[in-house]
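To keep things clear, I will list the structure first and then write my remarks on it.
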Amino acid sequence: MTQEKKNLTANEAWEQLIKKYNIVEEIAKNGIFHIKAGEIKKFKEPRLMAKWDSSESLPKVLKENKINILPDSRSSYVMGDFLLYQEIPELVENVTQMDQVELPELESIDVNNITSEANAINVLIISGILDDFLETEQNISTFNGRMGTGEFDFTVDTYEHGKCTIHVANAQCEIDGGFENETSVVIMEAKNVVYPDFHVRQLYYPYRLWETKVNKPIRLVFSVYSNMIYRLFEYRFNDIEDYSSIELVKTKNYSLQDTKIEISDLQAVREATVIKTDDNQESTDIPFIQADSMYRVISLLENMYDNPMTSSEIAEFMHFEARQSNYYIAAGRYLGLFEKARIDGVAVNILSKLGKRVYEMNYKERQLKIVSLILEHQIFAELFDQMIESGEMPGKNEIKTKMQELNVCNATLIGRRSSSVSTWLKWMFDLTRV
């Protein structure tokens, strides 16, 4: 692979592959297109081209053409207009009470420093969260890691071609956690980054592998640990041979700390927060926010603690194109949590002193400090006051008008960036609902 091709973005590489092999036309005509890993590798490493854990992270050219990709062996993939992702319900949905759990006093477990999916799974077991969620006892860890799927066929829904049949011959799957209890075998997919949806393959391929190996029923758990909260989802497939028959069975949320935040807490923060006087596009080199998920800003905060990351490492960690990951880096800088540095001549992103202090805070203190950092910016302070007075979220046009009035960014960018303002405001008020 030439250096020039190595430096292609995933989107640029897929643009060239699509053109070379007439992939869009082949899918329109035949419903699917088969491609070898070696053919992909001529443009970019397959692992950087074919593993998109959220639909949001798909390269633009694949999104625009409604193309998704699945491994069908260790060295090949199948492409088509497949519907491969399952939406994750918002945190506030179906939550009437979040269970707070306590850990035994173990020196090697720090609830304020759970930075890996493996550590998150360990705490799930030690705390009894998994037992409570599954309503079983003695869930014993018995398997994990990379495995071959074996051979199987399945159908999957598509945008325009109805049901499509796929044959898989010893593709690779990776299982984060495998457990067994008296009544079932449990397969877990664990994440420490919040996404709006997940790739069903992460549960389906391991399920098809293990249903041939065991006689007990298999239970499928998807776990998200972020910002000191566990969100657990149990799924099932109503038809084992139908990838698209996935169904949410139940969901429950657990906290390792007190999560109770009242509107009065937000108002107290607002009263104590001093608004910056130099907060406009002319007085700072930090661009106005274009990161729609505060949850992912916090995920990045957690994963950058004592772990400087280059922009490309952040893009890979978040499964984003470089441009999207840069929005989240800039959002952290906007709040004063992240800063740029050079280590051994390499440009990296690190937590600022403030960022490290925020990371080390307990749940409630951390959320309220982030609220304060948001409200230091006049645009958010004024819209917050408006929401308190009216009891309603401001409409998009109201937000755009306020952004224009306060000159927070170039007028041509207001339309795109107003949605980030809206989601940050919503995040603040959603804190009082969990």
Side-chain angles (χ1 to χ4, degrees), residues 10-11 14 32-33 35 37 40 45-63 65-74 76-89 117 120 144-149 152 154-159 164 166 168 171-178 187-210 218 220-226 231-237 240-249 251 293 295-296 299 315-321 324-325:
N11 188 64
W14 273 119
I32 61 172
F33 178 79
I35 189 166
I40 296 175
E45 284 294 330
R47 68 181 180 84
L48 302 175
M49 291 280 281
K51 187 176 182 293
W52 310 105
D53 288 351
S54 168
S55 64
E56 194 175 58
S57 59
L58 281 166
K60 183 180 177 183
V61 68
L62 297 185
K63 279 185 189 174
N65 288 287
K66 296 181 179 178
I67 294 174
N68 274 308
I69 183 167
L70 281 166
D72 61 357
S73 78
R74 286 185 179 271
S76 62
Y77 300 86
V78 59
M79 304 178 71
D81 60 337
F82 312 132
L83 296 165
L84 300 183
Y85 295 89
Q86 177 77 7
E87 187 175 339
I88 299 174
E117 291 159 0
N144 59 54
R146 291 182 181 175
M147 304 174 190
T149 61
F152 58 89
F154 67 92
T155 61
V156 60
D157 291 348
T158 66
Y159 284 99
C164 183
I166 306 291
V168 173
Q172 192 175 86
C173 66
E174 186 159 359
I175 299 175
D176 293 330
I187 294 171
M188 176 181 290
E189 176 68 20
K191 298 293 181 192
N192 60 354
V193 179
V194 178
Y195 295 113
D197 56 20
F198 71 93
H199 204 304
V200 175
R201 178 204 74 246
Q202 295 167 111
L203 291 176
Y204 186 71
Y205 278 24
Y207 173 51
R208 291 302 303 266
L209 168 64
W210 279 91
I218 293 176
L220 304 169
V221 176
F222 188 85
S223 167
V224 180
Y225 178 77
S226 181
R231 302 181 62 201
L232 268 60
F233 307 86
E234 182 177 4
Y235 289 93
R236 67 179 168 219
F237 291 92
I240 191 171
E241 295 183 349
D242 186 351
Y243 178 108
S244 301
S245 68
I246 190 169
E247 178 180 77
L248 178 64
V249 177
T251 179
S293 173
Y295 297 108
R296 267 170 280 176
S299 290
E316 187 170 350
F317 163 71
M318 301 188 81
H319 299 290
F320 277 163
E321 283 281 301
Q324 283 178 291
S325 65

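Computation of the quantities below employed the complete heavy-atom set of this structure, encompassing side-chain atoms and omitting hydrogens, waters and symmetry-equivalent molecules.
In this structure a side-chain-to-backbone donor-acceptor pair under 3.5 Å is missing from T149 to L209. Listed for the D242 side chain is a donor-acceptor partner under 3.5 Å among the backbone atoms of S244. A side-chain donor-acceptor contact under 3.5 Å links T251 to the backbone of L232. At least one donor-acceptor pair under 3.5 Å links the side chain of S299 to the backbone N or O of Y295. Between the D197 side chain and the Y85 main chain, no donor and acceptor come within less than 3.5 Å of each other. In this structure, the side chain of W14 engages the main chain of M49 through a donor-acceptor pair within 3.5 Å.
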CA sep, side-chain torsions, deciding dist, call: Y235, V200, side chain to side chain contact (heavy atoms under 4.5 Å, CB included):
CA-CA 10 Å; Y235 289 93; V200 175; over 6 Å; no
I69/V78 under side chain to side chain contact (heavy atoms under 4.5 Å, CB included): CA gap, chis, key distance, verdict
CA-CA 6 Å; I69 183 167; V78 59; over 6 Å; no
Verdict with reasoning, N68 to L62, per side chain to side chain contact (heavy atoms under 4.5 Å, CB included):
CA-CA 7 Å; N68 274 308; L62 297 185; over 6 Å; no
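Counting only heavy atoms from C-beta outward, the side chains of V224 and V194 approach each other to under 4.5 Å. Residues Q86 and H199 are not in side-chain contact: their nearest non-hydrogen atoms beyond the backbone lie 4.5 Å or more apart. Using a 4.5 Å heavy-atom cutoff, the side chains of Y159 and L83 are in contact. Looking at heavy atoms from C-beta onward, F233 lies out of side-chain contact with S223 at the 4.5 angstrom threshold. Counting heavy atoms from C-beta outward, E316 and S325 have side chains that stay 4.5 Å or more apart. Annotation: side chain of L84 is in contact with side chain of L70 (closest heavy-atom distance under 4.5 Å). Looking at heavy atoms from C-beta onward, I187 lies in side-chain contact with W210 at the 4.5 angstrom threshold.
Heavy-atom contacts from other residues, nucleotides or ligands closer than 6.0 Å to CD of E87 number 12 or fewer. Within a 6.0 Å radius of NZ in K63, more than 12 heavy atoms belonging to other residues, nucleotides or ligands are found.
Rounded to the nearest 0.5 Å, atoms CG (L220) and CD (Q202) are 12.5 Å apart. Rounding to the nearest 0.5 angstrom, the gap separating the CZ atom in R296 from the OH atom in Y195 is 8.0 Å. For the atom pair OG of S76 and CD1 of I40, the computed distance is 9.0 Å after rounding to the nearest 0.5 Å. Atoms CZ and CD1, on F198 and I88 in that order, are 6.5 Å from each other to the nearest 0.5 Å. To the nearest 0.5 Å, the span separating CD1 on I175 from CE on M147 amounts to 4.0 Å. Between the CD1 atom in I32 and the CG atom in D81 there is a gap of 11.0 Å [rounded to 0.5 Å].
With sequence neighbours excluded, the residues satisfying salt bridge (charged side-chain N to carboxylate O under 4.0 Å, His left out) with E174 are R146. For T158, there are no side chain to side chain donor-acceptor pair (under 3.5 Å) partners, not counting sequence neighbours.
For the side chain to side chain contact (heavy atoms under 4.5 Å, CB included) with R208, the qualifying choice from I218, I240, L203 is I240, the only one to do so. Under the ring-ring contact (aromatic ring centres under 6.0 Å, His included) rule, F154 has a single partner from Y243, Y207, F82, which is Y243.
The shortest non-hydrogen separation linking Y77 to A50 is CE2-CB, 3.5 Å. The shortest heavy-atom contact between N192 and E117 is OD1-OE2, 3.5 Å. For the pair V249 and R236, the tightest heavy-atom approach, listed with the atom from each and the gap, is CG2-CG, 3.7 Å.
Under the 30°/60° scheme for interplanar angles, the aromatic rings of Y205 and F152 are found to stand perpendicular.
We find that K191 and E189 are joined by a salt bridge, their nearest charged nitrogen and carboxylate oxygen being less than 4.0 Å apart.
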